[in-house]
Amino acid sequence: MLSENRLSKYLLYAIGEIILFTIGIFLAIQLNNWNDDRKSKEKIDQVFEKVQAELLLNIQSTTSQKMK
């Protein structure tokens with residue numbers, strides 16, 4: 001009886017550790033995904049800013065050529 005009680009306590013402890021480990025891995029993956037999404041959005045914003053600047057230069061160049 002005494003050894004069964006210790007075994008059940010040990011198994012409960014082991015299951016708890018596995019659950020905590022799994023939750024930790026899940027959180028780490030979620031944080032990594034969030035960080036990757038944030039970096040992707042920053043890159044997209046940079047590309048849009050470059051395209052906008054280039055379009056403005058093209059418009060200015062076109063309007064100045066029409067004036068000549």
Side-chain angles (χ1 to χ4, degrees):
M1 281 260 187
L2 188 59
S3 66
E4 285 182 20
N5 191 20
R6 285 185 183 173
L7 181 62
S8 65
K9 283 183 181 181
Y10 176 75
L11 287 175
L12 186 61
Y13 174 78
I15 290 171
E17 287 290 321
I18 291 170
I19 290 171
L20 286 176
F21 181 78
T22 304
I23 290 171
I25 295 294
F26 176 74
L27 288 175
I29 291 171
Q30 289 297 95
L31 285 174
N32 189 40
N33 289 342
W34 173 78
N35 194 36
D36 287 345
D37 288 344
R38 184 184 57 83
K39 286 180 182 178
S40 294
K41 288 177 184 178
E42 286 178 2
K43 285 182 182 179
I44 289 171
D45 289 343
Q46 290 173 354
V47 168
F48 281 147
E49 288 174 5
K50 287 180 182 178
V51 168
Q52 184 181 19
E54 189 173 339
L55 283 173
L56 288 174
L57 286 173
N58 289 343
I59 291 170
Q60 290 171 355
S61 173
T62 303
T63 55
S64 67
Q65 286 177 0
K66 286 182 180 179
M67 298 248 182
K68 291 181 180 182

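Numbering of residues begins at 1 and proceeds along the displayed sequence.
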Salt bridge present between Lys50 and Glu54 (N-O < 4.0 angstrom): no
Spacing of Asp37 atom CG and Asn32 atom CG [to the nearest 0.5 Å]: 9.5 Å
ILVMFWY cluster, Tyr13 and Phe21 together (side-chain gap under 4.5 Å): no
Members besides Val47 in its Ile/Leu/Val/Met/Phe/Trp/Tyr cluster (side-chain heavy atoms under 4.5 Å): Val51, Leu55
Atom pair CG/CD1 of Leu20 and Ile25 - distance to nearest 0.5 Å: 12.0 Å
Atom pair CD (Glu42) and NZ (Lys39), whose distance is rounded to the nearest 0.5 Å: 9.0 Å
CD-OG1 distance between Glu17 and Thr22, expressed to the nearest 0.5 angstrom: 10.5 Å
Rounded distance [0.5 Å steps], CZ in Arg38 versus CG in Asn35: 4.5 Å
Gap separating the CD atom of Gln60 from the CG atom of Leu56, nearest 0.5 angstrom: 6.5 Å
Test item: Ser61 side-chain N/O and Leu57 main-chain N/O as donor-acceptor pair under 3.5 Å: no
4.5 Å side-chain heavy-atom contact, Phe26 and Gln30: yes
